[in-house]
Engineer: 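My questions all concern the structure below.
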Amino acid sequence: EDAAKVAAIVKGLDNPFFQTMQQGIEQQAKADGVNVTVQAAANMGDATGQADRLTAMALQDFDCYLVNPISVSNLVQALVPVAQKKKPIINIDSTIDAEQAKAAGFTVSTYIGTDNVAAGALAGEEMLKLVPKGSKVALVAGIVGDVGSNARIKGFKQAVEGKLDVVVMVSADWDREKALTAATDILAAHPDLAGFFSANDIMALGVERAVQTSGKDVKVIGLDGIVDALKSVAAGELTATVAQYPYVVGAMGVEACKAAVKGKELPANVPAPVLLINKDNAEASLKNFPRPGGDYPDPLRELLK
Amino acid sequence: MSNSTDNAPVAHSAGAPEESRSSLAALLLDPSFWADWASVVGLVGLVVIFGIAQPVFLSVANLQALLLAAAILVVLSIGQTFVVATSGIDLSLAAAVMLGAVILGLVNAAGYGIFIACVLCVLATSALGFFNGLIITAGKIPDFVVTLGTLSGITGLGLILSGGEPTMVGSTFLLKLASGSFGPLGYPVWVAIAAVVVAHIALYHSRFGVHLLATGGQAESAGALGIRTNRVKVAAYTISGFCAGIAAILLVARIGSAEPLINTSLLLNSVAAVVLGGVSLFGGRASILGPAIGALMLTALVNGLTLLSVSAFYQPLAVGTIVVLAALIMRYQK
Amino acid sequence: MSNSTDNAPVAHSAGAPEESRSSLAALLLDPSFWADWASVVGLVGLVVIFGIAQPVFLSVANLQALLLAAAILVVLSIGQTFVVATSGIDLSLAAAVMLGAVILGLVNAAGYGIFIACVLCVLATSALGFFNGLIITAGKIPDFVVTLGTLSGITGLGLILSGGEPTMVGSTFLLKLASGSFGPLGYPVWVAIAAVVVAHIALYHSRFGVHLLATGGQAESAGALGIRTNRVKVAAYTISGFCAGIAAILLVARIGSAEPLINTSLLLNSVAAVVLGGVSLFGGRASILGPAIGALMLTALVNGLTLLSVSAFYQPLAVGTIVVLAALIMRYQK
Amino acid sequence: MSAVIPFPDAIIACNGLSKHFGGVRAFTDVAFQARRGEVTAVIGDNGAGKSTLIRCLVGVHVPDAGSIVFDGREHPFSNPDGARKAGIETVHQNLALIDELTVAQNLFLNRELVRRIGPFAFLDRKAMRREARSMLSRLSINVPSINQRVRRLSGGQRQAISICRAVGSGAKLVVMDEPTAALGVQETANVEALIRRLREQSVSVILVSHNFDQVRRLSDQIWVMRAGKMAATVRASETSGNELVALVTGAA
Amino acid sequence: MSAVIPFPDAIIACNGLSKHFGGVRAFTDVAFQARRGEVTAVIGDNGAGKSTLIRCLVGVHVPDAGSIVFDGREHPFSNPDGARKAGIETVHQNLALIDELTVAQNLFLNRELVRRIGPFAFLDRKAMRREARSMLSRLSINVPSINQRVRRLSGGQRQAISICRAVGSGAKLVVMDEPTAALGVQETANVEALIRRLREQSVSVILVSHNFDQVRRLSDQIWVMRAGKMAATVRASETSGNELVALVTGAA
Ligand SMILES: Nc1ncnc2c1ncn2[C@@H]1O[C@H](COP(=O)(O)OP(=O)(O)OP(=O)(O)O)[C@@H](O)[C@H]1O
Ligand SMILES: Nc1ncnc2c1ncn2[C@@H]1O[C@H](COP(=O)(O)OP(=O)(O)OP(=O)(O)O)[C@@H](O)[C@H]1O
Ligand SMILES: [Mg+2]
Ligand SMILES: [Mg+2]
């Protein structure tokens, strides 16, 4: 039997989150004896470029397509020829809009990913534990308009609604230096600020540095669980981060592909693990990086057995 | 030696007329021919290399997909060409596409029907271009500053209008536009072809075109000859905005939703296509086919590299190298 | 009327010498004064408005933070100024900063010590600038295409070198550089001030500076007078690369890690600062203080808006409007 | 010398005209007029303000003060387009050529020949090329090709094209700012013959020149500018080269 | 007419020189020389190739074929910088001014005065301004200000600055391409006096001009170009204006 050929397309590789995802895809593929080609958009704003690349890959003979779209619909048309060839489509990380997919005449075989709103809420709950009720907090978002950033911010806001005072939301474009500058400014404007929530870890690390420089005791919570953030949490700098496991999402995607190629029935929705990391469990997480600190439920692994 | 022995009346051996360009050899030896057709040379080179390395590249399906993918960039490059020909630059082009898309999405979502939505989209982006031109000419502010300002301003406007959320556009008309085809080519490709033809006629067969080039070449002299250089500039920006509107419709049709996100590579690529197409950033020289083919070349590059499964890490390096090489080869012909 | 009655020997009533620029009134009436100092006018305006709206803005701590945040952009704007003065543009500037940072991080991580890392970082970015200049002059390719190509190429190189991962740089030297201060100002601010002073001297008090402006003004005439315009251009790009290296060190010191991420707004802002500083994108006119103050203005804008808690959605709109307004006000003086 | 009663037959006249640029006064309080069907010369030292005066008359600059009357109408136009439409063609000192356009395109700039097809007007490039060739040959001007960009032409070739453009379109008034400065002997003779022919066709001409012989040969009335003022005016037939030198230098 | 034995006292000589641009031949197989300490004129119709020849001689263009000897050395320089260092200053027909620089900066371009402080050389702007003022006044050239950008100067003012630059720095050979085309009567007289003074100081001069009277007044030897060839050469003292016209037009 030939090894299954998998085409994967992820968002921009200018962010470690997606590099880890790529790592997961490639290493799982090696372990499972699957042939994989990973492509990525030029950057996180390159919605059409991502579609163009998928279009090119759709022309080639792959057995399964693993897609992480930049927006809910930018890959829909590029997937039409894939669906016509009756190849399975595995959607990871960011969702493809179901209605659009239906209009275009296909459904995704499965969706594997973490719920960004839930992850944001997890961060919000942790913040509630850390600071007194009614404290002022500030939010640092990614590129304005980014869906993931919006969802994470939304989850955090929902969790702290009425309990904390969100004084400002700035956008730092996923950039560490911009987050640092913005946090410095916010600390100047709100000397009594108690906490920051940042929509990803890179920006959280920049915020943390600003807090350190100011010498104040301000909590900083990030989201993603990249290795630098885990190190920072372990060192007692960053307060906490909500770890998502892009490695696992990628790896599960490959498993799903393998299962689909074998003709197995896939569950429509596979939740990927999310974990809050603070000083208590940071060391353990670091040791296992990029895999989670402990075991996690993986229905797909069961399926392949 | 006093009087020369060579006194035969050689009528104009210096600066002899060169109008008889009929012979192909003369054409191929003329450096300006190569400069004008550099993007073609680059495109043909790419097609040959990719075609040999990966036969799928030359499959009809891939060529169709390639053209489809290039349509948006072609339309944008045409808009950019008009502005660059006046020795300006429109940095707000990609942002205008975003704004047009958002307006299209919102108007459609509000239930006004897709046609009204499309018309309003194009009107809004054209108005934006008009506004750009007006500020540049009336305020005498450099193009770069104004369009950088509107780039930033529109980003904000798009976000505020859309609340930062993407709007789904589930119109059958747009779906057909994106996926239907007439003859061997998809509708978006026909739109791009139409844009090329109309722009070519406007540039080369209308008074406006000559005035555009004159304004870009030497605005002061053009003004002294009675050309309303300010009006010409405003018109160029308005055309650029119009093209952004058309591109926005194609974009929404292609990705099925209107998102308040700016695709900066569209902006840089639109300018790169224009320059690869042999249009001087200092104005006064322009071409429509050149930029269109430049846009095609840039799209083919990404397509070919993807087909060759070049890793995403290596793609930017390859693109950069090839862009410089293309320019290098084309200039060495001169 | 035959001979005029007005025959008094009015030596040079036309084109009367204007060299006595001593009086302040004359200075304020001279449009070129306003054009040259537009960024100052804009900066003062912003400071007054923000100072009134939010007193924290004028606090010593905030002003210190503002200057610190502006240092990187100031250094980059100076580099960009040299290139723009030759009527070029360096689109690879922000990418060069990224590459410098990545090299710094990797060399340091490999255990070679922070000084060697910094030196290699600056050498690499300078070499990159040199390479840009060489291709532009030897290949006769437009600046825009070459630096767009290297922008893309460096993006890839940075990704490949770093494996796409950020590298922590935990050097005490850099930490001190970032957070230490001498007198009221942080070290990065002093670095920026030093850069401004050296660049000002190079531009206004050296032969190179005059040759730079001549090359940017009319390269052909400059060449006819024996100026090696190609060498001047290469030097300008090398200086730009050098500044990118310094900026990379400041950046790594500031954020404590080297990331393979390009900050495109650094690029656009560096050009915006240059233009707001009264430097013509068509070359031949330059200033160092202007762009430095332009950079300060752009940083103050974001700082002030954040202090005023303007929502992220509204910030781009505000920035765009104010950039255009600043330019508008400055031009209306003319 | 402000108040000047215009000749009843003045094609163009101005009064109290002033223009300055920033701190530089180009000229002040200038009265000037040119008779219909005559060749009117303006002479004066370098920097006297001749070109700026010309540019004010043909709408390129807006004067700071003063009035202009053209063909009986006051304030006849506010920009060069208006001036060309009203019937004034100009050979500017800087030639006002667009380097990147071809010879033919320059000759017909803003006067392009078009063919109308329905509501659209398309350039008639063939007709323009044909016309351009005949315009150039009438002046016996030699350029390598009608399709060549003017950037690389020799100084004299460029000037010839600018002259050709101005006289080619049947204007009422042709203004020439140092039209023969870069021309060779033959070409200069051609242009002088051309100016005479214009006068025969009762086209009015304003001629700025530093060549006093030429001025005396060609013109009917001579105006002298000195350091931003209109210093004197004389009939060409009643003056001598020495008097002109004296007037220009202010020795008179 | 290829083989020309150079005068033993030629400051510059060329032989078999040709230059073409793309399809346009500017001149072919030209032999030319200028005697040391003399004023050598080059005349010819528009487009005859005079300026291009000049530009080849002073290193701006590299000729396609032929040899150049300057001051006894063959292939003396390969670029304008070399030519200036070897002692040739040029007034180009397009003046070669940098519009955005000031009058003083233009006068000292690539010849800047510097003060050395250790290893560094700083511009001595005061000295340059002082020198510039005295250079201009020696030629009695009037410009509004030494600190004004040259963009807005009148045509004659610009030309005067270019001449001033060329004669100001003690060259062995000064080449002038139509130096008085835009100048007024007084200024032209000044430049002519200047050329005579140069000759008295035994500086060699090459002069391109369309003004035959001027050429006969000033020069010792006259070379005639016609349609890209060197058609003839005569001593100025042995020729007449009519002969020159005949040589230029090819009627001789
Ligand atoms: N646009 C302008 N801006 C500033 N100064 C100007 C401008 N145009 C002309 N000038 C100045 O006005 C004065 C008159 O210039 P003008 O060109 O009218 O002289 P002219 O008589 O034509 O001289 P020439 O015989 O040398 O051509 C000069 O001192 C010149 O520097
Ligand atoms: N750089 C160039 N590129 C192309 N053609 C050129 C170039 N320079 C000159 N020519 C052509 O070469 C010929 C000779 O030009 P040149 O300038 O030497 O003439 P000239 O004798 O100086 O004329 P004029 O008296 O009008 O200044 C002309 O036909 C001109 O168009
Ligand atoms: Mg003049
Ligand atoms: Mg010449």
Side-chain angles (χ1 to χ4, degrees), chain C residues 9-22 26-27 30-33 35-36 84-87 198 200-232 278-287, chain E residues 54-55 58-61 77 79-86 88-106 108-115 117 120-125 128-129 133 142-154 157 162 165-166 177:
Chain C
V10 201
H12 294 284
S13 76
E18 270 244 305
E19 279 181 62
S20 59
R21 287 198 168 194
S22 51
L27 196 68
D30 182 357
S32 69
F33 167 80
D36 289 352
V84 170
T86 69
S87 82
V198 171
H200 185 90
I201 291 175
L203 194 61
Y204 284 114
H205 296 277
S206 81
R207 297 185 63 194
F208 171 70
V210 186
H211 294 188
L212 188 81
L213 294 176
T215 302
Q218 269 112 320
E220 208 169 309
S221 294
L225 291 173
I227 292 173
R228 308 288 185 87
T229 54
N230 281 356
R231 290 195 196 173
V232 170
V279 178
S280 157
L281 282 178
F282 294 99
R285 297 183 75 158
S287 144
Chain E
I54 294 299
R55 290 219 286 267
V58 303
V60 172
H61 291 320
F77 35 73
N79 56 37
D81 198 29
R84 292 188 80 184
K85 290 221 172 92
I88 304 183
E89 289 289 333
T90 313
V91 180
H92 289 277
Q93 191 170 16
N94 67 8
L95 305 183
L97 297 176
I98 314 288
D99 282 345
E100 297 294 347
L101 295 185
T102 65
V103 173
Q105 283 174 318
N106 267 289
F108 283 96
L109 204 55
N110 206 17
R111 282 278 177 281
E112 295 85 359
L113 306 180
V114 290
R115 255 177 326 169
I117 300 179
F120 299 105
F122 296 96
L123 291 183
D124 193 347
R125 300 206 279 184
M128 284 195 279
R129 274 203 290 264
R133 238 174 249 124
N142 298 314
V143 289
S145 155
I146 212 96
N147 294 320
Q148 178 155 339
R149 295 180 205 278
V150 304
R151 172 182 292 284
R152 294 300 179 192
L153 294 182
S154 84
Q157 289 166 333
S162 189
R165 174 171 61 196
D177 197 351

Engineer: Can you tell me which portion of E/Asn79 sits under 4.5 Å from chain C's heavy atoms? Options are side chain, backbone, both or neither.
Structural biologist: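 For E/Asn79, the side chain is the part near chain C, not the backbone.
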
Engineer: Working to the nearest 0.5 Å, report the span between CG of E/Asn94 and CG of E/Asp177.
Structural biologist: 8.5 Å

Engineer: Looking at residues at least two apart in the chain, or sitting in another chain, which of them share a salt bridge (charged side-chain N to carboxylate O under 4.0 Å, His left out) with E/Arg115?
Structural biologist: none

Engineer: Could you walk me through whether E/Arg125 and C/His205 pass the side-chain contact (heavy atoms from CB on, under 4.5 Å) check?
Structural biologist: CA-CA 8 Å; E/Arg125 300 206 279 184; C/His205 296 277; 3.4 Å; yes

Engineer: Quick check on the interface: out of C/Gly209, C/Gly217, C/Gly283, C/Ala224, who has the most heavy-atom pairs with chain E under 4.5 Å?
Structural biologist: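 Among C/Gly209, C/Gly217, C/Gly283, C/Ala224, the one with the most close pairs to chain E is C/Ala224.
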
Engineer: Of all of E/Val114, E/Thr90, E/Leu97, which one pairs up most often with chain C through heavy atoms under 4.5 Å apart?
Structural biologist: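 The answer is E/Leu97.
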
Engineer: Looking at every non-hydrogen atom in both residues, tell me the closest pair between E/Asn147 and E/Thr102 and how far apart they are.
Structural biologist: O-CG2, 3.2 Å

Engineer: C/Phe208 versus chain E, heavy atoms under 4.5 Å apart: side chain, backbone, both or neither?
Structural biologist: neither

